[in-house]
Protein chains: 2
Amino acid sequence: MDYNAILELLRQKGYRLTQARKQVIRILTTNTQFLGAYDIHNLLEKENIHIGVTSIYRVLDLLKKLDLVRSEEFGAGGERFRLQGNEEQHEHSHQLICSQCGRQEEWVGECPITDLAEKLEHTSGYQIEEHWLRFFGLCPQCQEL
Amino acid sequence: MDYNAILELLRQKGYRLTQARKQVIRILTTNTQFLGAYDIHNLLEKENIHIGVTSIYRVLDLLKKLDLVRSEEFGAGGERFRLQGNEEQHEHSHQLICSQCGRQEEWVGECPITDLAEKLEHTSGYQIEEHWLRFFGLCPQCQEL
DNA sequence: CTCCTTATTGATACAATGTTTCAATAAGGA
DNA sequence: TCCTTATTGAAACATTGTATCAATAAGGAG
Ligand SMILES: [Mn+2]
Ligand SMILES: [Mn+2]
Ligand SMILES: [Zn+2]
Ligand SMILES: [Zn+2]
């Protein structure tokens with residue numbers, strides 16, 4: 001879903017097409033990485049566009065409610081947001097994170113736990129929607145030090 | 001490893017057995033859940049024991065460096081710490097988190113991805129130390145609403 | 001195009017977690 | 001008991017996030 005489609009959807013739902021909404025959506029459509037609210041704020045400030053942090057949070061909350069963005073929260077630094085459809089390959093994350101230098105790689109590959117998720121649904125009673133799989137360890141560079 | 005064993009280990013390594021260290025270690029030995037630095041601070045304040053937050057962080061960093069505590073960081077609220085040996089079954093986390101109400105359950109069971117981790121070590125070059133596996137979905141209660 | 005209503009904004013104040021600095025303190029060996 | 005210095009903790013600050021409320025601007029009505 002691109003910039004104009006999202007604006008149109010908001011308009012249809014009766015939301016006003018304000019500067020705050022348009023600018024935050026623009027940033028999200030042009031960045032495929034996860035961004036924190038303050039990251040978005042900083043990017044806008046660099047363009048000399050001033051949108052209050054409070055409003056940025058409100059736009060992100062709205063987009064989340066409408067299922068247009070998904071958020072992740074791991075490590076320090078708070079919640080980070082990414083537009084639905086901007087994930088590289090998988091909806092869920094398979095990550096490789098260096099415990100020394102913090103380098104992060106999105107590990108792309110066959111999801112190895114689809115079966116497990118299904119099994120767990122039966123034993124736990126949870127209706128499972130997604131999962132995260134994250135590996136932590138020393139990246140090749142950090143092993144040499 | 002219990003309270004006295006940890007103190008003895010610190011003493012052997014040349015660390016002074018200070019009030020801050022003894023009190024934080026005491027709290028960690030008597031609580032098997034993950035605790036944040038401020039949680040520990042609050043528990044101590046309730047007992048009218050005043051240890052600066054800075055010192056609590058320093059004790060936790062030290063214990064982490066010595067591999068006596070392990071920390072987790074997910075959801076809001078920052079890093080949380082737990083004594084090694086206080087995990088119910090597994091060293092690493094397998095969690096079930098309700099995307100509606102936030103309920104979290106530590107899912108205990110055979111780790112299904114030990115093989116995968118080993119395979120990934122070869123293909124990625126990372127020296128993998130641990131992993132997280134987290135499932136998100138609706139808990140039984142939230143499904144009824 | 002202008003006016004009006006009100007949804008939306010953003011400044012401000014506040015909260016929670018975390019780090020840096022540095023003078024004061026206390027641990028523990030002499 | 002004294003001395004050295006490892007350790008502490010108050011204070012100032014940084015980052016992420018939320019509550020409040022007066023001011024503003026979006027967009028429909030006329
Ligand atoms: Mn950030
Ligand atoms: Mn807490
Ligand atoms: Zn690394
Ligand atoms: Zn639930």
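Chain A is the first sequence line, chain B the second, and so forth, proteins listed ahead of strands; every chain is numbered from 1. Given the structure is predicted, the values throughout are model-derived calculations rather than measurements.
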Show me the protein contacts with nucleotides 3-5 of chain C, counting only N or O atoms at under 3.5 Å.
none

Pull out every residue in residues 5-13 of chain A that has a heavy atom closer than 4.0 Å to any atom of DNA chain D, ordered by number, or say none. none
Give me the residues of residues 55-62 of chain A where at least one heavy atom lies under 4.0 Å from an atom of DNA chain C, by number, or none. A/Ser55, A/Arg58
Whole angstrom is fine here: how far is it from NZ in A/Lys64 over to C1' in D/dG17? 12 Å
Flag yes if more than 12 heavy atoms outside A/Glu118 fall under 6.0 Å of its CD atom; otherwise flag no. no
Does B/Thr54 reach a base, just sugar-phosphate, or nothing at all? Heavy atoms under 4.0 Å. base
side-chain contact (heavy atoms from CB on, under 4.5 Å) with A/Gln84: of A/Leu63, A/Asp67, A/Leu66, only one passes, and it is A/Asp67
Can you list the stems that include DNA chain C, where a stem is three or more consecutive Watson-Crick or G-U pairs with distances under 3.5 Å? C:1-30 with D:1-30
Between B/Lys13 and B/Glu8, does any NZ, NE, NH1 or NH2 come within less than 4.0 Å of an OD or OE carboxylate oxygen? no
To the nearest angstrom, the CZ-P distance between A/Phe34 and D/dT16 comes to 17 Å
Can you check whether A/Val69's main-chain N or O pairs, donor with acceptor, with A/Arg82's side chain at less than 3.5 Å? no
Could you check how far OH of A/Tyr38 sits from P of C/dA16, rounded to whole Å? 15 Å
Where do B/Ile6 and B/Arg11 land on the side-chain contact (heavy atoms from CB on, under 4.5 Å) test, with the steps shown first? CA-CA 9 Å; B/Ile6 293 173; B/Arg11 204 191 53 68; over 6 Å; no
With a 3.5 Å distance limit and no angle check, can you tell me whether B/Arg70 reaches the backbone of B/Leu83 through a side-chain donor-acceptor pair? no
What donor-acceptor contacts under 3.5 angstrom involve side-chain atoms of residues 51-62 of chain B, with partners at least two apart or in another chain?
| residue | atom | partner | partner atom | Å |
| --- | --- | --- | --- | --- |
| B/Ser55 | OG | B/Arg58 | NH2 | 3.4 |

Spacing of A/His50 atom NE2 relative to C/dA11 atom P, expressed in whole Å: 10 Å
Nearest heavy atom decides the nucleotide; on that basis, is B/Thr18 or B/Glu79 closer to the 5' end of DNA chain C? B/Glu79
Any side-chain heavy atom of A/Arg26 within less than 4.5 Å of one from A/Ile49? yes
Separation of C/dT8 atom P from A/Tyr15 atom OH, nearest Å, is 8 Å
Using a strict heavy-atom distance below 4.0 Å, which residues from residues 41-49 of chain B are in contact with DNA chain D? none
From CG of B/Leu17 across to P of D/dA6 the rounded distance in Å is 16 Å
Once you round it to whole Å, what is the distance between C1' of D/dT24 and CD1 of A/Ile51? 13 Å
Whole-Å distance between C/dT9 C1' and A/Gln23 CD? 14 Å
